[in-house]
Amino acid sequence: MTFLSLSHDFYARDPITVARALLGKRLIRETSAGLAAGRIVETEAYLSSRDPACHASRGLTKKNAAMFGPPGRAYVYMIHARWCLNTVTEQEGVPSAVLIRAIEPLEGLDLMQQRRGTQVIRDLARGPARLCEAFAIDRTYDHWDLTSGRELWIADDPLLNGTPLRIIRSARIGVTSAHRRLLRFYLADSPFVSGKRIAPRTARR
DNA sequence: CTACCGATTGACT
DNA sequence: GTCAATCGGTAGA
């Protein structure tokens, strides 16, 4: 089964559209150790200069430079000594991005378990830094071209094939500025989503 | 150079 | 539920 990477045009849209569209897609990672892949179940949009929570809202630095580059590249940054993965969106010069927050592991579970140091499948890639550890993503993939179709890329999921997805929108997790905006998106029915469920529809009991 | 901080996580009460 | 370890980037002395 081949997994053709999503094109430049997929990413060359506003970050909210891309954040929704990425749900259900496959993140694929190929190393000499083997292949790991999973379904994206949670994302967050960061809206360039019009969003105080966006790392690039105060202009270009060495750290956030990838966000100013072309759409379809990766922006990998460190927070609390852990790596997190974003996809750059819109157009070159407009520093917007989508944070990938959680993934449902599908292939290469043994690899992920090894990298994460846990057997618990639900914990392998639930959270932005956990997924980077499970997929062996670090600073060397900052600026990486996610449309390249090698090493690290994102593709349509053939298993999903048009299945309608129930998407819930909420406030972003851990963001201390711009609380009000509902820029987090996740699959309603996935147990692999991080953080607390804010939507009443999924409230327990 | 030092001080402080964060789009987090895991251990603990 | 609470809390502190984590460390590279950034600001400021």
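Keep in mind that the numbers below use all heavy atoms, side chains included, and drop hydrogens, waters and symmetry copies. Per chain, numbering begins at 1; letters A, B, ... match sequence-line order. Everything numeric in this text was worked out from a predicted model, so none of it was measured.
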> Across the strands shown, which category fits R82(A) at heavy-atom distances under 4.0 angstrom: base, sugar-phosphate, nothing?
Replying inline: base
>> Closer than 3.5 angstrom, by distance alone: can the side chain of R26(A) be matched with the main-chain N or O of D157(A) as a donor-acceptor pair?
In response: no
> Is the phosphate of dG10(B), meaning OP1 or OP2, less than 4.0 Å from a side-chain N or O of R126(A)?
Replying inline: no
>> Counting only Watson-Crick pairs (N1-N3 plus N6-O4 or O6-N4) and G-U wobbles (N1-O2, O6-N3), all under 3.5 Å, who is the partner of dA3(B)?
In response: dT10(C)
>> Do R82(A) and Y77(A) form a cation-pi contact, if we require the NZ or CZ to be under 6.0 Å from the six-membered ring centre and within 45 degrees of the ring's axis?
In response: no
> Taking the side chain of R139(A) as its heavy atoms from C-beta onward, which of dC7(C), dG9(C), dT8(B) lies nearest to it?
Replying inline: dG9(C)
> To the nearest angstrom, how far is M78(A) atom CE from dT10(C) atom P?
Replying inline: 13 Å
> Quick one: W83(A) CH2 to dG8(C) C1', roughly how many Å, whole number?
Replying inline: 7 Å
> For H55(A), does its backbone N or O pair with a side-chain atom of R58(A) as donor and acceptor, under 3.5 Å?
Replying inline: no
> Between E133(A) and R116(A), is the closest basic N to carboxylate O distance under 4.0 Å?
Replying inline: yes
> To the nearest Å, how far apart are I173(A) CD1 and dA7(B) C1'?
Replying inline: 10 Å
>> Tell me the interatomic distance from R116(A), atom CZ, to dT9(B), atom P, rounded to whole angstroms.
In response: 8 Å
> What is the distance from atom CD of E104(A) to atom CZ of F192(A), rounded to the nearest 0.5 Å?
Replying inline: 4.5 Å
> By a strict heavy-atom criterion of less than 4.0 Å, which residues belonging to residues 92-115 of chain A are in contact with DNA chain B?
Replying inline: L99(A), R101(A)
>> Under a 3.5 Å threshold, yes or no: a donor from one side chain and an acceptor from the other, between R29(A) and T31(A)?
In response: no
> Does H80(A) lie flat on the base of dT6(C), that is, centres under 5.5 Å apart and planes under 30° off?
Replying inline: no
> Tell me: CD1 of I79(A) to C1' of dT9(B), nearest whole Å?
Replying inline: 12 Å
> Charged N to carboxylate O below 4.0 Å: is that the case for K25(A) and D156(A)?
Replying inline: yes
> Does any residue of residues 42-67 of chain A have a heavy atom under 4.0 Å from DNA chain C, and if so, which ones, in number order?
Replying inline: T61(A), K63(A)
> Between the side chains of S5(A) and T147(A), does any donor sit under 3.5 Å from an acceptor?
Replying inline: no
> For the pair made of CZ in R172(A) and C1' in dG6(B), what is the distance, rounded to whole Å?
Replying inline: 14 Å
> When you measure from the side chain of R126(A) to the backbone N and O of P191(A), does any donor-acceptor pair fall under 3.5 Å?
Replying inline: no
